[in-house]
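Position 1 is the first residue of the sequence; numbering continues from there.
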Amino acid sequence: MASHDQTALLTNSVRDLTPSATLAINERSAALQSEGRQVFKLGLGQSPFPVPSPVVESLREHAGQKDYLAVQGLPELREAIAAWHRRRDNVDAVATRVLVGPGSKELMFLIQLVHNSVLTIPRPSWVSYAPQAGILNKPVEWIETRQEDGWRLSPAALDATCRATPNARRLLILNYPNNPTGLTYDQGQLVELAEVTRDHGVVVLSD
């Protein structure tokens, strides 16, 4: 019987993916630790803190529940999230516009899936954004940042990028505190970026 290359069953966009650099580092670190080596793991942003006791107790209490929830998530949770944003951000948030998912990566992938746009990413960036776009065969547009700007996306750089191809629809990922730099934006910097995104009709995904 002739042997078959099982990778031929995969789409090209998935077949060409390389292992995640952060996961590779984490697995390599774990292997070294198993050998008794001292390793300071900086690969994953995993919380070092224990799960709070009320969360553990609530999970234990509800572990037997097996019914499917509403597609958008638990109604009570969506209402609590909307109420929090109304109090904190003074915005007209309503539960019907809240979507609860199993994790941010899954939700960000879904946004890319449904939004017909170019994925615009400031560089340096977190390693998952561009590969997700690659799986969906979506174009990626990089915007270089500068050391003198603290590796932050400048309004001028974003404006220049948008003017270079004015008819493109864009989904901008604004990641802050930034990974890997750790830097963030103050309110004034966000207002200036918001003015540019509004002028050019850029949709912003805040991570």
Side-chain touch [X]/[Y], heavy atoms, less than 4.5 angstrom:
X: His200; Y: Arg163; result: yes
X: Gln33; Y: Gln38; result: no
X: Val100; Y: Ile81; result: yes
X: Trp84; Y: Glu79; result: no
X: Trp142; Y: Ser125; result: yes
X: Leu119; Y: Pro139; result: no

Does [atom1] belonging to [X] count more than 12 external heavy atoms closer than 6.0 Å?
X: Arg86; atom1: CZ; answer: yes
X: Tyr176; atom1: OH; answer: no
X: Asp92; atom1: CG; answer: no
X: Asn90; atom1: CG; answer: no
X: Arg15; atom1: CZ; answer: yes
X: Gln187; atom1: CD; answer: no

Hydrophobic cluster membership, [X] vs [Y], 4.5 Å side-chain cutoff:
X: Ile135; Y: Leu113; answer: yes
X: Val98; Y: Leu77; answer: yes
X: Val203; Y: Ile173; answer: yes
X: Val196; Y: Leu174; answer: yes
X: Ile121; Y: Leu136; answer: no

Distance, nearest 0.5 Å, that separates [atom1] of [X] from [atom2] of [Y]:
X: Glu192; Y: Asp159; atom1: CD; atom2: CG; value: 12.0 Å
X: Ile111; Y: Leu205; atom1: CD1; atom2: CG; value: 4.5 Å
X: Asn116; Y: Gln112; atom1: CG; atom2: CD; value: 12.0 Å
X: Ile25; Y: Glu27; atom1: CD1; atom2: CD; value: 11.0 Å

Short question: side chain of [X], backbone of [Y] - any donor-acceptor pair under 3.5 Å?
X: Gln65; Y: His62; value: no
X: Asp89; Y: Val91; value: no
X: Thr165; Y: Ala168; value: no

Tyr129 versus Asp207, side-chain donor and acceptor atoms under 3.5 Å: yes

Polar contact flag, side-chain donor to acceptor under 3.5 angstrom, Arg170-Thr161: no

Identified side chain to side chain contact (heavy atoms under 4.5 Å, CB included) counterpart of Val55 within the set Pro52, Ser58, Ser53: Pro52

Matching residue for Pro122 among Asn178, Asn175, Leu172 - test: side chain to side chain contact (heavy atoms under 4.5 Å, CB included): Leu172

So which atom in [X] and which in [Y] form the shortest heavy-atom distance, rounded to 0.1 Å?
X: Gln72; Y: Ala95; answer: NE2-O, 4.3 Å
X: Pro124; Y: Thr181; answer: CG-CG2, 3.8 Å
X: Ala82; Y: Ala93; answer: O-CB, 3.6 Å
X: Ser117; Y: Lys138; answer: O-NZ, 3.3 Å
X: Gly73; Y: Arg78; answer: O-NH1, 3.2 Å
X: Ala31; Y: Ser34; answer: O-OG, 2.5 Å

side-chain contact (heavy atoms from CB on, under 4.5 Å) between Leu171 and Val118, intermediate numbers included: CA-CA 6 Å; Leu171 175 64; Val118 175; over 6 Å; no

Lys/Arg-Asp/Glu bridge criterion (N-O < 4.0 Å) met for Glu141, Arg123: no

Lys/Arg-Asp/Glu bridge criterion (N-O < 4.0 Å) met for Glu195, Arg198: no

Derivation and outcome, side-chain contact (heavy atoms from CB on, under 4.5 Å), residues Leu153 and Tyr185: CA-CA 9 Å; Leu153 174 63; Tyr185 296 81; 3.5 Å; yes

Arg146 vs Arg152, side-chain contact (heavy atoms from CB on, under 4.5 Å): CA-CA, chis, key distance, verdict: CA-CA 7 Å; Arg146 305 184 307 169; Arg152 298 176 182 88; over 6 Å; no

side-chain contact (heavy atoms from CB on, under 4.5 Å) assessment of Leu158 paired with Ile143: CA-CA 7 Å; Leu158 177 59; Ile143 303 180; 3.8 Å; yes

